[in-house]
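We name chains A, B, ... by the order of the sequence lines, and we start the count at 1 in each one. Predicted, not measured: the structure shown is a model, and the values here were computed from it.
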Amino acid sequence: AASCTVMLQALSDRGHITAARDVYDSITDKNVVVGTAMITAYSQAGMPTHAQEVFDSMEEKNVLTWSSLMSAYAQARQMPQAENLFQHMPERNLVSWSTMISGFAENGDLENARCCFDSMPEHTQAAWNAMAAAYTFCGHLEDAKETFDDMPDRDQISYTAMVQSYAQNGNIGEGISLVYAMPHRDAKTWNALMAALAQKGHLDRARRVFDAMPESNGVSWSAIVSCYAQTGRGESGVWMFAAMAAEGFPADQVACLSGLVAQTHIGRVPQCCAFFRSMQQDFGVAPLAEHFLCVVDLLGKAGHLERAEELVETMPYVPH
RNA sequence: AAAGUGCGAACA
């Protein structure tokens with residue numbers, strides 16, 4: 001069951017939720033860990049009902065299992081169900097409280113988010129960070145800053161989230177100052193800064209951050225591809241996408257979407273279609289509706305209306 | 001091997 005958990009997660013990360021479920025169903029010696037992993041996979045796919053069904057079928061459950069299902073409802077913006085679980089779970093821990101803070105915030109309910117924060121028995125670093133992020137999410141940037149200032153300690157997440165908060169506020173200067181004022185900068189910090197610069201239209205400065213960052217990860221590459229794709233620099237985007245793979249960072253659904261958008265800007269139908277096939281065959285990435293629509297868009301613009309319609313019909317999604 | 005907080009999205 002342990003190796004199946006790993007496989008299940010790998011499939012889920014690439015968006016293959018059905019395949020992940022097939023793996024789960026094939027396991028004869030299911031345990032609480034793999035069951036919880038399946039619930040998490042459904043949570044990430046935005047399928048709380050399926051998560052519930054797995055939960056109900058499990059014989060053994062622990063606090064992680066309950067938390068995981070709660071998170072599935074919270075992320076799907078079904079707070080009444082999440083609250084109900086929270087109230088009835090046999091064991092509640094500090095992670096559960098943090099989940100509720102974020103869940104309420106993502107539903108625009110700052111009062112309940114704050115109430116959870118104030119009610120929890122102890123303020124972990126994650127709880128502080130969740131509360132600050134709650135304010136940022138709801139556009140209360142002053143309160144986010146105040147929460148940040150009130151923190152007894154700060155970790156990488158606290159700082160990076162604050163950089164993002166400044167960026168969202170249009171206050172990129174403060175964000176840059178904070179990046180250089182914080183004790184340690186990691187890849188995620190640089191990524192946040194790069195994205196903030198790109199969003200402000202400073203593509204060249206974003207690229208310089210990318211080139212200079214001492215640590216990078218797959219998201220760094222994905223972000224730079226996105227920078228080019230968003231600004232219509234298709235060739236550069238496609239080039240960086242290829243470089244990402246060459247550097248050993250496998251593309252995920254987000255990176256592939258940016259790659260496809262870059263292809264759309266180039267406008268060559270055969271290359272775009274080849275990319276669409278390659279993302280599935282070479283990277284094992286399952287196309288989301290967004291990926292399909294991107295290709296459909298290009299086919300339509302290029303006058304291939306019939307092919308566009310055919311593709312829509314093969315989509316495993318309901319077209320709007 | 002499993003849960004919460006921060007960085008990358010294409011949609012009108």
Checking all strands, does [X] fall into the base, sugar-phosphate, or nothing category for heavy-atom contacts under 4.0 angstrom?
{"X": "A:Ala37", "answer": "sugar-phosphate"}
{"X": "A:Gln253", "answer": "nothing"}
{"X": "A:Ala229", "answer": "nothing"}
{"X": "A:Thr264", "answer": "base"}
{"X": "A:Thr124", "answer": "base"}

**Item:** Check: A:Phe210 ring centroid to A:Trp221 ring centroid under 6.0 Å
**Value:** yes
**Item:** Aromatic ring proximity, centroids under 6.0 angstrom, A:His291 and A:Phe276
**Value:** no
For [X] and [Y], does a side-chain donor sit closer than 3.5 Å to a side-chain acceptor?
{"X": "A:Gln9", "Y": "A:Asp13", "value": "no"}
{"X": "A:Asp186", "Y": "A:Asn217", "value": "no"}
{"X": "A:Arg21", "Y": "A:Tyr42", "value": "yes"}

Choose from [options] the nucleotide whose nearest atom is closest to any side-chain atom of [X].
{"X": "A:Val32", "options": "B:A2, B:U5, B:C7", "answer": "B:A2"}
{"X": "A:Ala195", "options": "B:A3, B:C7, B:G4", "answer": "B:C7"}
{"X": "A:Ala126", "options": "B:A3, B:G6, B:U5", "answer": "B:U5"}
{"X": "A:Ala130", "options": "B:G8, B:A3, B:U5", "answer": "B:U5"}
{"X": "A:Ser102", "options": "B:G4, B:A1, B:G6", "answer": "B:G4"}
{"X": "A:Ser222", "options": "B:G8, B:A1, B:A3", "answer": "B:G8"}
{"X": "A:Asp186", "options": "B:G4, B:G8, B:G6", "answer": "B:G6"}
{"X": "A:Val95", "options": "B:C7, B:A3, B:A1", "answer": "B:A3"}
{"X": "A:Asp297", "options": "B:U5, B:G8, B:C11", "answer": "B:C11"}
{"X": "A:Ala223", "options": "B:A2, B:G8, B:G6", "answer": "B:G8"}

[N] [atom2] sits how many Å from [X] [atom1], rounded?
{"X": "A:Glu106", "N": "B:G4", "atom1": "CD", "atom2": "C1'", "answer": "11 Å"}
{"X": "A:Ile172", "N": "B:C7", "atom1": "CD1", "atom2": "P", "answer": "15 Å"}
{"X": "A:Gln164", "N": "B:U5", "atom1": "CD", "atom2": "P", "answer": "14 Å"}
{"X": "A:Asn93", "N": "B:U5", "atom1": "CG", "atom2": "C1'", "answer": "14 Å"}
{"X": "A:Asn62", "N": "B:G4", "atom1": "CG", "atom2": "P", "answer": "14 Å"}
{"X": "A:Tyr73", "N": "B:G4", "atom1": "OH", "atom2": "C1'", "answer": "18 Å"}
{"X": "A:Met58", "N": "B:A3", "atom1": "CE", "atom2": "P", "answer": "13 Å"}
{"X": "A:Leu257", "N": "B:A9", "atom1": "CG", "atom2": "P", "answer": "10 Å"}

Is there a donor and acceptor pair, one atom on the side chain of [X] and one on the base of [N], closer than 3.5 Å?
{"X": "A:Asn31", "N": "B:A1", "result": "yes"}
{"X": "A:Ser68", "N": "B:A3", "result": "no"}
{"X": "A:Ser226", "N": "B:G8", "result": "no"}
{"X": "A:Asn129", "N": "B:G4", "result": "no"}
{"X": "A:Thr99", "N": "B:G4", "result": "no"}

**Asked** Got a sec, which pairs hit salt bridge (charged side-chain N to carboxylate O under 4.0 Å, His left out) with one end in residues 210-225 of chain A, sequence neighbours left out?
**Response** A:Arg207-A:Asp211
**Item:** Neighbours of RNA chain B within residues 265-279 of chain A, by heavy-atom distance under 4.0 Å
**Value:** none
**Request:** Say whether, by atom type as modelled, one donor and one acceptor occur between the side chain of A:Ser222 and the main chain of A:Gly218 under 3.5 angstrom.
**Result:** no
**Message:** For the CD atom on A:Gln87, are there more than 12 heavy atoms of other groups (residues, nucleotides or ligands in this structure) within a distance under 6.0 Å?
**Reply:** yes
**Request:** With sequence neighbours excluded, give me every ring-ring contact (aromatic ring centres under 6.0 Å, His included) pair touching residues 69-113 of chain A.
**Result:** A:Phe86-A:Trp97
